[in-house]
Amino acid sequence: MLELLFLGTGASVPSRDRATSCIAVRGGSDIILMDCGEGSQRQIMISPFSFMKIRAILITHLHGDHVFGLPGLLQTMSLSGRKEPLTVYGPAGIRRCVEAFMTVTEGETVYPLEVREVAGGESFPVNDMTVTVYGTEHNIASVGYVVKEKDRPGKLDKEKAITLGIKEGPEMAKLKNGETVRDVTPDMVLGTPVKGASVSYTGDTKRCQSIALASKGASVLIHESTYMSAESDLAEEHAHSTAVDAAETAKEAGVGCLILTHVSNRYDNLDDVVSEAKTIFGNTYAAKDMAMFLVKGDGAVPKE
């Protein structure tokens, strides 16, 4: 299971109710941060999560509402005595962006900091989670990410294992961990693997096929929904998506749950945005700051 915490859900500029883009995914005690808009470090401080547990930061693109929180967060980690290494991932330009931030603010880190540029197609581990990068289409270089936990072994058929000569205890534990014991292979005694939870996050983008392909079967698709369909001309002009775009992509990808974020401040009632998406994809939510979801292999539910 993954925990999904929305720290900032607004579009372009913060409002009294919504900070700019920032989302945290926690697997066990490890946190992956996706985007880091202005004020992100304070949002983390007042949340149940600790910024000292962040193992990687995934930046979707270099617009300010997705990166202006980076220098403050990186420097606060130093001031708090962080020692563990940290890697920041992002599209072309992220390395120059971080270097500029840290140079002009005379910032430094006392922990190892690495910055890696990605374009789509890359996959890498972050402790027990795996991150896959996919390309998106915005008016600046942009990428999306899928964060996935490992699939868990299926249920062990003890009786069958015993009939095959396996003893209870360490031998059964080895089979459960995927090891072969005296010619007995795990597939002989284990049921169907339990699908690990997965979260796909688009960042800012217009609707594109790469999102549906990368998000196929994901537990959750977090899709930007800056506009409603009445403003589809603005969405096209600014390379953003509507609630309908997001819902159609979720349906095509066959995801378990759709969560809309980056909704324009012009929409006072998020229920209207959700209702529009639900005409196409029923299991839809609108993200709100500090909302948390529990993510399993087949979808997600709000945590009360």
Under a 4.5 Å side-chain heavy-atom rule over Ile, Leu, Val, Met, Phe, Trp and Tyr, are V98 and I54 clustered together? yes

Under 3.5 Å, is there a donor on one side chain and an acceptor on the other for Q75 and T105? yes

Single hit among V67, V88, L70 for side-chain contact (heavy atoms from CB on, under 4.5 Å) with C36: L70

Is the gap between the ring centers of H63 and H138 under 6.0 Å? yes

Under a single-linkage definition using a 4.5 Å side-chain heavy-atom cutoff for Ile, Leu, Val, Met, Phe, Trp and Tyr, are I31 and L86 assigned to the same hydrophobic cluster? yes

Considering the options I222, T60, L221, which one meets the side-chain contact (heavy atoms from CB on, under 4.5 Å) requirement together with T202? L221

Regarding Q209 and E252, is there a side-chain donor-to-acceptor distance under 3.5 Å anywhere? yes

Contact between L2 and M129 at the side-chain level, heavy atoms closer than 4.5 Å - yes or no? yes

As a quick check of understanding, evaluate side chain to side chain contact (heavy atoms under 4.5 Å, CB included) for I211 and R207, giving each step before the final call. CA-CA 8 Å; I211 299 171; R207 188 184 177 195; over 6 Å; no

A quick test of your reading: do over 12 heavy atoms of other residues, nucleotides or ligands sit less than 6.0 Å from CD of E108? no

Go through the side-chain N and O atoms of T261 and Y201 and say whether any donor and acceptor fall under 3.5 Å apart. no

Answer with yes or no whether the side chains of T242 and D245 bring together a donor and an acceptor at under 3.5 Å. yes

Determine the interplanar angle of the F101 and F68 rings, folded into 0 to 90°, and report it as parallel if under 30°, tilted if 30 to 60°, perpendicular if over 60°. perpendicular

P91 and E117 have their tightest heavy-atom pair at O-CG, 4.0 Å

For the pair D30 and R55, find out whether any cationic side-chain nitrogen is under 4.0 Å from an anionic carboxylate oxygen. yes

Check for me, please, whether L4 and L260 land in the same ILVMFWY cluster - side-chain distances under 4.5 Å, paths through other members count. no

Shortest non-hydrogen pair, Q43 vs A19, comes out as NE2-CB, 3.8 Å

Can you give me the closest heavy-atom contact between D65 and A11, atom names plus distance? OD2-C, 4.3 Å

Verdict with supporting geometry, L258 and H223, side chain to side chain contact (heavy atoms under 4.5 Å, CB included): CA-CA 7 Å; L258 170 64; H223 201 299; 3.9 Å; yes

For a side chain to side chain contact (heavy atoms under 4.5 Å, CB included) check, start with the C-alpha distance between M188 and T185, then their side-chain angles and the critical distance, and finish with the verdict. CA-CA 6 Å; M188 295 168 67; T185 58; 3.2 Å; yes

Compare every heavy atom of G120 with every heavy atom of V143, then report the nearest pair and how far apart it is. CG1-N, 4.3 Å

Passing candidate, side-chain contact (heavy atoms from CB on, under 4.5 Å) with L58, options I32, L33, I23: I32

For the residue pair S264 / R266, report whether a side-chain donor-acceptor contact shorter than 3.5 Å exists. yes

Residues M1, V295; criterion side chain to side chain contact (heavy atoms under 4.5 Å, CB included); working and verdict: CA-CA 6 Å; M1 181 178 69; V295 185; 5.7 Å; no

Is it the case that more than 12 heavy atoms not belonging to E248 sit under 6.0 Å from its CD atom? yes

Distance-only polar pair, side chains of E137 and T205, donor-acceptor under 3.5 Å: no

Consider only side-chain heavy atoms of I, L, V, M, F, W and Y, link residues closer than 4.5 Å, and tell whether M77 and V115 are in one cluster. yes

Can you find a heavy atom in the side chain of E224 that is under 4.5 Å from one in the side chain of H240? yes

Is any side-chain heavy atom of V13 closer than 4.5 Å to one of E38? no

Closest approach of Y134 to S210 (non-hydrogen atoms, all atoms of both residues): CD1-O, 4.2 Å

Verify same cluster id: Y111, I57 (apolar side-chain graph, 4.5 Å): yes

Would you please say whether a donor-acceptor pair under 3.5 Å links the side chains of T136 and S142? yes

If you take the centroid of each ring, where Trp contributes its six-membered ring, are H262 and H66 closer together than 6.0 Å? yes

Looking only at side-chain N and O atoms, does E231 offer a donor or acceptor that is under 3.5 Å from a partner on Y267? yes

Can E276 and K278 be counted as an ion pair, charged N to O under 4.0 angstrom? no

Geometric class of the Y285/F293 ring pair [parallel <30°, tilted 30-60°, perpendicular >60°]: perpendicular

If you look at every heavy atom in R26 and S29, which pair is closest and at what distance? CG-C, 4.4 Å

Would you find more than 12 non-hydrogen atoms of other residues, nucleotides or ligands less than 6.0 Å from K296 atom NZ? no

